[in-house]
Amino acid sequence: MRNNGILRIVARFLIPLILLFALYIQFHGEYSPGGGFQAGVVFAAGWILFVLIYGLEAGLKVIPQRAMVVVMACGALLYAFIGLLGVLLGGHFLDFAPLLPSAPKGAQQAGIILVEFGVGMTVATVVMLIFTMFAGRKSQIHLIDGIPDSEPVTYPEMNQDNSANQSTDTAAETRD
Amino acid sequence: MSGGVLIGLILGTPLIGAVLISLCGRWPNVRETVTLTTAISLFVLVSQMIGPIAAGETLRLSLAEPIPGLEIAFQLEPLGMVFAMLASGLWIVTSVYAIGYMRSNNEPYQTSFFAFFAIAICGAMGVAMAGNLLTLFIFYEVLTLSTWPLVTHNRNEAAKQGGRVYLGILLATSIGLLLPAIIWTYSITGTLDFTPGGILELDSISPLAATLLLTMFVLGVGKAAVMPMHRWLPAAMVAPTPVSALLHAVAVVKAGVFTITKVVIYIFGLDFLATLPLEKFLVYLAGFTVIAASLVALRQVEIKRMLAYSTVSQLSYIVLAALVLAPFAEIGAAIHIVAHAFGKITLFFCAGAIYIAAKKTRVDQLHGIAWRMPFTMVAFTIGAVSMIGVPPTAGFVSKWYIVAGAFQVDNFFVLAVLAISTGLNAAYFLPIVFRAFFQAETVPPAKDHGEAPWPMAAALTLTAALTILFFFFNGPVVDFEKGILEVAS
Amino acid sequence: MTLIEWMPFSVLIPLIAAPVCALLPGRVLPWTLTFVSVLASAVICALVLPMAVGEGPLSYAFGNWPPPVGIEYRVDAVNALLALLISAIATIILPWARVSVNDEVPDRQGPFYALFLLAMSGLMGITLTGDVFNVFVFLEISSLSTYALIAHGKNRAALLASFRYLIMGTLGATFYLIGVGFLYIQTGTLNMVDLAERLPALADDRAIRTAFGFIIVGMGLKLALFPLHRWLPGAYSNAPSMVTVFLAATATKVAVYVLLRLVFSVFGVEFALAMPFEEIFFTLGAVGIFFASLSAIKQTSLKRMLAYSSVSQIGYIALAISLISTAGLSAGLVHIFNHALMKGALFMCVGAIVYRIGSDRFADLGGLAKQMPLTMLAFVLAGLSMIGVPLTAGFISKWALISAAIEAGNGYAVGIVLIGSLMAVIYIWRVVEIAYLQPAPDNADMSRRREVGLSMLIPLWILIAANFYFGIDTRLTLDIATRGAEVLMGMTP
Amino acid sequence: MAFLGHYNYYIVVVLMMIGFYVVIARGNMVKKIMGLNLFQTSAFILFISAGKIMGGSTPILRDGVEVYSNPLPHVLILTAIVVGVATTAVGLALSVRINEAYGNIEDDLLSEEEPDDFALTQEPSRDDDSS
Amino acid sequence: MVAIGVTRIRDLFAATMLFAIYSLLSAALFVLLDAGDVALTEAAVGAGISTILVLAVLTMTRRYEHPSNTVNWPALAVVSVTGMCLLWAVSDLPDFGDPTNPVQTHLAPYFINNVYSDMGIPNMVAAVLASYRSIDTFGEVIVIFVAGLAVYTLLSVPPRTPPKPQPKADANQPENRGDH
């Protein structure tokens, strides 16, 4: 697939459009259907399209897996932070009114936009992460399948696991 | 010293003893000293209560209130006083005996043995001093559970089997029958305090339900070993002899009959019970147990098993006496608790001594053994005579009162049961005595032996002496018990 | 800030700590964060409890939108007690769990603890909320994280167990959702108080009745009510020890709570009486006690045995609920609390054993009392509580349950409870016999068979002490449970 | 009147039951998850159709529109969809792992291998809503 | 209907495709029911994400379902009974789209009338989602976060191949069933 020229060219047009559309859904959610969740999914879809065409490695170069985990947590934390801000400013949790005491409507809008952004962040990265995990899993399995069955298979990871295990045991031992 | 503190000390002493014993496990001499010290101090503490009780004071201690309106409370009355004295006094003797037994037999796990023994005594004390049914039930279970390790002391297949039957029957009856009976009582009356004259009234419970309740109590107290709940007692004989002697002849089984007596006197009340139509059924059941257990005992060849069945039969005497519902019979029940304790502990001590000295456990091996172990066999004879109920032994006194009680209410069934069982008792005890004294040894013993080690011989001599002494000096106990009956009726 | 304003933070603190925790590297940091946040949650619950009991329902509106419009947390005696139970158990488990988790989940402990926090706060959220849909959301938070936690078990069977639980759990949640859907369609509201006001007018409505049925089936799946319990043994026996302890002590209890709350507070006692609710719960409870105990007796490994025992204990709770009386409900609530104490302690013992000897099969337990005396003693004591021996918490539950049954004149219930107790004697004592009377198996690795460290023993013995404390001093449990039962029965405003 | 007025609900019920059947009757785990999705989706339709109002329009304020459908079910279902996809993802991840561990993802085959307490044909208690 | 097709087809690949179609159809249905946001989501999730994930799984597992030709009667019975209950229940539900439904009369008017004065934004769904019931949405974010975390932890464990050799690492692991 990767070498298919047509796909690449179409993708080059499509992907930015998709991402743009995602941003539109994200920030226009108060006026038309859409919001953080849908935007996140669409954004992730754009990235997935990218991966399907350019390969997982390229995709991970753009957004590394670790970053996904971090952003995914940050999205949730952003939401929580906005909520907490309400508390810190003397209101209830997720109470947006105290954010801008002078303009209650504006405060609500700001709150909604911000939490929606948090939702979008989390959703987009989670979807990407899940996809990465599934896709990455496949390549790992193929790798193992390549080993002839007759050979006694030793898994390097397994051994690592094992030694890690033992080291914890000893650690626990000494602590006792 | 205030009464509450005294009660607390009595409960606490064996527990502290148990802790100390398990801490001193590495030094047997220290451990044994602790055991004896604990036992003696417990006895002294218990005897401190005689004065106030005789003077009619109430000693009361309430610890906690686990269920609204229900306390864990202790209150001593004469019946419990007798039981407490008995158990704590015999603990000293048994400790001496056990030390001799355990050491000369090189038993393993001695530390846990002594520790659990102390806990079991604590359970017995709790039962004796319980101020209401809930407290009694709690310590009843403590007693059950703390004796399980003693029964399974040998940790072999037989011990495991015996332990299963033991725990199975005792827990099944207590949880399955006694507990619902208690809760039922509570839901009817709103109290569980032991009250002279009883807490149940005719207008709160129908006679039929009351009979059912009484049956649940009598069968639920598995420790009283009324048939068909008696199987645990022979099963418990896998335990070392000191356990059989103190617990299964004195503390545990007496806790059972004590419970029944308490329930009869303080929960139902004699007058109320007399109005019940079917109460006779339980008398018959107890009478049947007396006879049947004696018959089974007749056929046993192992000394300890025979003694166990004899215990089953003797316990039902007490239940029977309690259910005759005559004042004299109630006194007889209380006295039989004491009398049987002295006699039966002597017999068990003798059986253990024979086992330790001669490694003999069967009745048919005892030919001529009296000439090697004269003290032991004389003591055995005294115990046996007391079981049969011949003067001048303790057993006669209690039988006297029970018979008198039966005459008070013209209960000829009880009289017949007593007569028959006396004959049966004679039939299984006297041949042993005869064999030991008047027949020659058939098989020479494996090793030349004399008496068992001195602590054991001393202990059994002492209890035999008590058996006889009680015949002459039972006055205080009888007076004591009369006191409760005056209050009760 | 007032206490009421702190109240939702018992849920929010762990919830917010979780994403942070997921990012933390190593082993010490995630654990510390988890412990601190759980502890904070427990402290808040402990402070809120007296107020909730004394001053009736406390309400906290999220976003400051008044309840039927927004979502409120509504705390009274019942859920305050349960929330305290959850957070306290979690607090006790964590110090215990460190060693065990290091052993069973060597890598990526940050996410692991994050999932634990989420599972816990999910349960807390279900407990405190006053909105039926919010229940669903938090139910899914706790369920999803629980599935993931179970799958962390070392065995491959853990995956299967987790998957099966996922299917059953999601089915249950969807049933619940459908029930909520019907409620919503017929009333137009999701707030529990609002629902309770609007439902009596609709008592004969078929959709409402079906909603009742669906919610019961859905929650029945989650709480492992007898015929719907089959996911539970696999899940409990294959999950990492820490997760098992936590789930056994709390998860099914929360489902019971939801059921109680909806049936009694939302639908109302009259409605429940009009439905064949008592008969079904009584039958299922009774049959459940019996068959689950029987299965427990037949098991040959500790975790499975205890898992079945849990199913049978749920039977007791169902039985207590089926009496539909203040005494019955209070017995059920007390048992929820006490069972958490004893089952938590028992599973902690098993966790310690598994940590040491790597197995929980009966065949490997011989002679363990000698090598792990304190753990086994704890097992015996917790087992006694399970059986219902006096002075233990289990006795109090049993007493309350039997009293309630006698009060309701239900002799069968008394019998069933007693038979259940006797069966508990059998399965607990089997283990005791093996551990105390049987010699160690020949192939046992004696170097591993040692007592566990203090980090495991102290929490374990705290629970054991609690078992005895709540067996003697029942002011906290019985009084609050009675109060809670009165609230549920609608006796007090 | 009644029948036609309820056609939406009948569709829901039919879909729901198809999904439910797939979940409990099918052995393949992926199929089970699809069934679960069907089941959930039908519940979504139930909610959404309840919020519909005849002649109403999408709940976005506009000039000239007087009647709006109820936005609340939409919100609920948005959340529920997210929950559904989350469940799906976790379930699929689990089946991947199971496939690696056991070599297949047929629950009935695995039941023979791992005699669990879960049978495919488990009988949920239906009695409680047949009053 | 497409749904039935999903249940009948053993080829999981085809089933997935049918399922995607089904999702699109229901999205269309949502649009008809005035639920634009939901439709958008269902289309993205049901037809997009779910499909991709299922396909990813299918490439790792087998494409065809294990054949079992028997109809699962107990399951069918359970399903029929449940279905009956539901049908019985819906007969008491209000008519579809009736403006006098409790749903329309109880809380909905509050939202419809107050959204603009409270927040000044026209999309009521967004308003309810992110402000009135924002704790639900917070829960939703957490759910999706849990899913990400769960998949992450589940699938970052190094894979092992099917049953062939029991890896050595299992030796010191508890095998909890008695038959091993």
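Every heavy atom of this structure was used, including side-chain atoms; hydrogens, water molecules and symmetry mates were not. Chain letters run A, B, ... following the sequence lines, proteins first and then strands; every chain starts at 1.
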Heavy-atom proximity to chain B below 4.5 Å, by part of Ile402(C): both

Phe395(C) portion near chain B, given a 4.5 angstrom heavy-atom threshold: side chain

Contact leader toward chain C among Ala159(B), Pro180(B), Gly163(B), Ser174(B), where contacts are heavy-atom pairs under 4.5 Å: Pro180(B)

Heavy-atom pairs under 4.5 Å with chain B, option from Pro390(C), Ala405(C), Ser403(C), Gly388(C) with the top count: Pro390(C)

Part of Trp399(C) lying under 4.5 Å from any heavy atom of chain B: both

Carboxylate-amine/guanidinium proximity below 4.0 Å for Arg155(B) and Glu433(C): no

Interface moiety of Ile183(B) toward chain C, non-hydrogen atoms closer than 4.5 Å: both

Any side-chain donor near an acceptor of the partner, Arg31(B) and Gln110(B), under 3.5 Å: yes

Region of Leu179(B) in contact with chain C, defined by heavy-atom distances below 4.5 Å: side chain

Residue part contacting chain C, namely of Ser187(B), when any heavy atom lies under 4.5 Å: side chain

Contacting moiety of Leu167(B), where chain C heavy atoms sit under 4.5 Å: side chain

Backbone N/O of Tyr140(B) and side chain of Lys223(B): donor-acceptor pair under 3.5 Å: yes

When Val380(C), Ile387(C), Val389(C), Ile406(C) are compared by non-hydrogen pairs under 4.5 Å with chain B, the top option: Ile406(C)

Contacting region of Leu70(B) [heavy-atom separation from chain C under 4.5 Å]: side chain

Distance flag, aromatic centroids of Phe74(B) and Phe139(B), threshold under 6.0 Å: yes

Exercise: do Tyr427(C) and Ser309(C) side chains pair donor with acceptor under 3.5 Å: yes

Polar side chain donor-acceptor pair, Thr147(B) to Tyr166(B), under 3.5 angstrom: yes

Distance-only donor-acceptor check, side chains Glu451(C) and Thr375(C), under 3.5 Å: yes

Donor-acceptor side-chain pairing of Asn467(C) and Ser385(C) below 3.5 angstrom: yes

Side chain / backbone / both / neither for Leu422(C) at chain B, heavy atoms under 4.5 Å: side chain

Side chain, backbone, both or neither of Ser421(C) within contact of chain B (heavy atoms, under 4.5 Å): side chain

NZ or CZ of Lys254(B) within 45° of Phe258(B) ring axis and under 6.0 Å: no

Under 4.5 Å from a heavy atom of chain B, the part of Leu384(C) involved: side chain

